[in-house]
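Throughout, a chain's letter reflects where its sequence line sits, starting with A, and its residues are numbered from 1.
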Amino acid sequence: MTPSQRRFLQLAPVYAGLILFGILTCVPFAWLLCAAFKNNADIFASNFLPLGDGFLGVAWDRLTVRHFGRLFGDLGLGRAMINSIFLASTAALLATFCCALAGYALAKFRFAGQGFVQSLVLAALVIPGPLLLAPGYKLLFDLGLLDTYAGLLLPGLAPAFGVFLFRQAMINAVPATLIESARIDGAGEIRIFFTIVVPLVRPMIGAYLIIVFLGAWNNFIGPQIVLQDSTSFPLSVAINQLRGLYGTDYGLIMAGTLVSIAPVLALFLLLQKEFISGLTSGAVKG
Amino acid sequence: MSAPLRPYRAEPVWVPWLFLSPFLLTFGVFLVWPLVQSCLLAFQQTFGPRSTAWVGLDNFTFMLGDPLFWKAVRNTFIFAAGSVFLQLPLSLGLALLLNRPGIKGRAFFRLIFFAPSLVGLVFVGLLFGLLFAPLTGLVNTVLHDLFPSFNPEFPWLQVHVMPALILAALWLYVGFNMVYFLAALQSVPPELMEAAALDGAGPWDRFRHVILPEIMPVATFVVLLSLLGSLQLFELPFVLLNGAGPDNRGLTIVMYLYNTGFVTGDLGYASAIGWALALLMAGFAVIQRWFNRRQEA
C-alpha cells in the first residue's frame with residue numbers, strides 16, 4: 001500500500017461521516033425544491049420528483065409552476081417580497097452606516113465620557129430582546145409609530161452588537177497616523193470617514209450588511225407585533241398568514257417557503273467568505 | 001523646506017458625539033425608556049396599551065402559582081437541554097471531523113453545514129411543519145416505505161411535540177455552532193498535538209487533555225449562546241405548531257409572554273414574565289463566568 005492509499009483509508013470514515021451528514025442537511029432543501037414544482041396529486045404520490053418515463057426516470061412534464069403563479073398572482077405575495085426586500089435592505093444600510101460611525105468614534109477618538117459610552121454598548125448587548133417586547137409596543141403606540149415601517153426600522157437603527165463589532169474591527173484596521181495626516185491635509189471629518197475609514201474596514205462592512213439583511217429578512221416577531229395592514233407585511237408574516245388560510249394546500253405553502261428562503265441562500269452563496277469571517281471575528285474573541 | 005507647514009488641526013470635540021448620536025438616541029429612546037417602562041409595567045395590569053391599573057406585586061405572586069407559566073418554563077428548559085446535550089456535541093463532532101489534517105473540501109462542507117442557519121426560524125417552522133405532515137411529509141412517507149406497517153397518517157406534531165422541535169432546531173443550528181468550534185479547533189497549536197502524540201497519547205486522551213482545555217473558553221461561550229437562544233425560543237414552535245400545540249406542550253416562555261401581552265392584551269403581566277426570563281438568562285451568564293474563572297484557576 002502506498003502512503004497516499006493508507007492516508008485515504010484512514011480518512012475514509014471521516015469523509016463518510018461528513019458526506020452522510022451533508023446529505024442529511026441537504027435533504028430538506030432538496031425535498032422543498034422538488035415539492036414546490038409538483039402538482040397536488042404528485043405531492044401525495046412521490047417523495048421527491050414524480051416518477052415516470054422521462055429523462056432519468058422522472059416525469060418532468062408533470063412538474064408545474066402553477067403554485068408560483070397563484071402566489072404571485074391573486075395571492076399577492078409579490079407585494080410581500082418587495083416589502084421584505086425594502087425592509088431588509090433599508091435596515092442593513094441604516095444599521096451598517098450608524099454602527100460604523102459609532103464604532104469609529106469609539107475606536108479612534110479620545111473624549112471625555114468615552115468609557116461611559118463603551119459600557120453602555122456592553123450593557124445594551126446583554127439586555128434580552130423579549131423583555132422589551134411589551135414596553136416597546138407601548139412606546140410605539142405612544143409615539144404613533146404602530147403599523148408604520150418607521151416603528152419597525154427605528155429601534156434597529158444602531159444595534160449595540162454592530163457598534164461593538166465595528167469598534168473591534170477599527171482599533172487595528174485603521175491607523176491613527178492616516179487619520180491625522182488627512183486632518184493636516186485639511187480633510188473634513190465626514191470626508192475622512194468615507195474616503196479613509198470605510199475602505200479600510202470593507203470586509204467588516206460587507207459582513208455586517210449581510211448579518212443585518214438576514215436578521216431583518218427573517219424577523220417575524222417584530223413585524224407581527226408592529227404591522228397591522230396586511231399590504232405592508234413582509235414575507236415572514238405574509239407566509240404564515242397564508243399557511244393559516246391555505247394550510248392544506250401543501251404545494252402552495254412549499255412554493256411560498258421556497259421563494260422566501262431562496263433569495264437569502266443565493267445571497268449567502270455569493271458572499272459566504274465575508275459572512276463567515278465577519279461572524280467569527282466578532283464573536284469568538286469574546 | 002520652503003512651504004510652511006500647515007498648523008496641526010486637532011480633532012474637534014463634537015465629532016465623536018455626532019458620530020455616536022444615532023446609537024445614543026436609539027439607545028435612550030428604544031432601550032432605556034422601554035426598560036424603565038417595563039419595570040413600571042411589571043407592577044400594573046393593562047388591557048392593551050390604553051388602560052392600566054397598579055396592582056403591586058400581584059403579577060409576580062400570580063406567576064408563582066400560574067401553572068401555564070411553569071409549563072412554559074418546563075418546555076423551554078427541555079428544549080434548552082436538547083440544544084446543549086444533543087446539538088452541541090454533534091456540532092463539536094462535525095468540527096473535529098472537518099478539522100482532521102488532510103481533509104479536502106473543508107470550505108465546501110462548512111458551507112453546506114452552515115446553510116440551514118440562514119433560513120429564518122419562521123421558514124424552518126413552515127418547512128418542518130411540511131416535513132412532519134401526515135401522508136405528504138417526507139418523514140412519514142420514508143418511514144412508511146421502509147416499514148410498510150408504519151401508519152403514514154401518524155401525526156408527529158400532535159404526539160411528539162418536543163422531539164419535533166428539537167430536531168428542527170438541530171437541523172438549523174448544528175452547522176452554525178460548528179463554525180465556532182471549528183474556529184476554536186483551528187487555533188489549537190499543532191505542536192501541542194504533535195507533542196501529545198509523541199508522548200503516546202491516544203485520540204481520546206488528546207481530545208480530553210489537549211483539545212478540550214484549549215477550546216474550553218469558546219465551548220462555554222457557545223453553550224451560553226445556545227442556552228440564551230433556547231430560552232428565547234418563540235417563532236419555531238409558534239409557526240411549526242401553529243400556536244402552543246396540543247395541551248400547550250409547545251408553549252415556551254416567550255410565546256406565553258407574546259400571548260399574554262398581544263393576544264390577551266395584558267402588557268403588565270407580559271413585562272413580569274419578561275423580567276423572569278431576564279433573571280433566568282442572567283443566572284446562566286453568571287454560572288458561565290463562574291465556570292470559566294474556575295477553569296482558569
Name the region of [X], side chain, backbone, both or neither, that has any atom closer than 4.5 Å to a heavy atom of chain B.
{"X": "A:T257", "result": "side chain"}
{"X": "A:L133", "result": "both"}
{"X": "A:A100", "result": "neither"}
{"X": "A:V121", "result": "both"}
{"X": "A:L267", "result": "neither"}
{"X": "A:I127", "result": "side chain"}
{"X": "A:V14", "result": "both"}
{"X": "A:L154", "result": "both"}
{"X": "A:I221", "result": "both"}
{"X": "A:F21", "result": "both"}
{"X": "A:L269", "result": "side chain"}

key: Under the ring-ring contact (aromatic ring centres under 6.0 Å, His included) test, residues paired with B:W14 that sit two or more places apart   = none
ask   = Which residues pass the ring-ring contact (aromatic ring centres under 6.0 Å, His included) test with B:F109, sequence neighbours left out?
value =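 Applying ring-ring contact (aromatic ring centres under 6.0 Å, His included) to B:F109 gives none.
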Max heavy-atom pair count under 4.5 Å with chain A, selected residue of [options]:
{"options": "B:L127, B:L135, B:I273, B:L228", "result": "B:L127"}
{"options": "B:F30, B:F27, B:F108", "result": "B:F30"}
{"options": "B:T260, B:L24, B:V142, B:T26", "result": "B:T26"}
{"options": "B:P22, B:G175, B:G268, B:S21", "result": "B:P22"}
{"options": "B:L41, B:I112, B:L130, B:T141", "result": "B:L130"}

Proximity breakdown for [X] and chain A, heavy-atom pairs closer than 4.5 Å:
{"X": "B:L257", "result": "side chain"}
{"X": "B:S38", "result": "both"}
{"X": "B:D145", "result": "side chain"}
{"X": "B:V29", "result": "both"}
{"X": "B:V254", "result": "side chain"}

query = Parallel, tilted or perpendicular: which fits the ring planes of A:F111 and B:W17, with parallel below 30° and perpendicular above 60°?
reply =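 Plane angle over 60°, so perpendicular.
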inquiry  = Would B:Q37 and A:L139 count as a side chain to side chain contact (heavy atoms under 4.5 Å, CB included) here? Give the steps.
reply    = CA-CA 9 Å; B:Q37 280 289 309; A:L139 173 68; over 6 Å; no
query = Crowded around B:R106 CZ? As in, over 12 foreign heavy atoms under 6.0 Å?
reply = yes
inquiry  = Tell me whether the count of non-hydrogen atoms from other residues, nucleotides or ligands lying under 6.0 Å of CH2 in B:W33 goes above 12.
reply    = no
key: Heavy-atom closest pair, residues A:A102 and B:F23   =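 Residues A:A102 and B:F23, closest heavy atoms: CB-CB, 4.2 Å.
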request  = For residues B:F19 and A:A105, report the shortest heavy-atom separation together with the two atoms involved.
outcome  = CB-CB, 3.8 Å
Heavy-atom check, side chain of [X] versus side chain of [Y], under 4.5 Å:
{"X": "B:L20", "Y": "A:L106", "result": "yes"}
{"X": "A:P28", "Y": "B:W171", "result": "yes"}
{"X": "B:V119", "Y": "A:V264", "result": "no"}
{"X": "A:I239", "Y": "B:V122", "result": "no"}

inquiry  = Let's go through A:F220 and B:L121 carefully: what are the C-alpha distance in whole Å and the side-chain angles of both, what is the deciding distance for side chain to side chain contact (heavy atoms under 4.5 Å, CB included) to 0.1 Å, and is it a yes or a no?
reply    = CA-CA 8 Å; A:F220 172 76; B:L121 284 161; over 6 Å; no
inquiry  = Run the side chain to side chain contact (heavy atoms under 4.5 Å, CB included) test on B:L277 and A:L131 for me, step by step, so that the C-alpha distance in whole Å, both residues' side-chain angles and the decisive distance to 0.1 Å come before the verdict.
reply    = CA-CA 8 Å; B:L277 176 71; A:L131 181 57; over 6 Å; no
key: Audit row: B:F238, A:Q224, side chain to side chain contact (heavy atoms under 4.5 Å, CB included) steps and yes/no   = CA-CA 12 Å; B:F238 188 75; A:Q224 169 87 1; 4.1 Å; yes
ask   = Between A:R243 (side chain) and B:V239 (backbone), is there a donor-acceptor pair under 3.5 Å?
value =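 Present.
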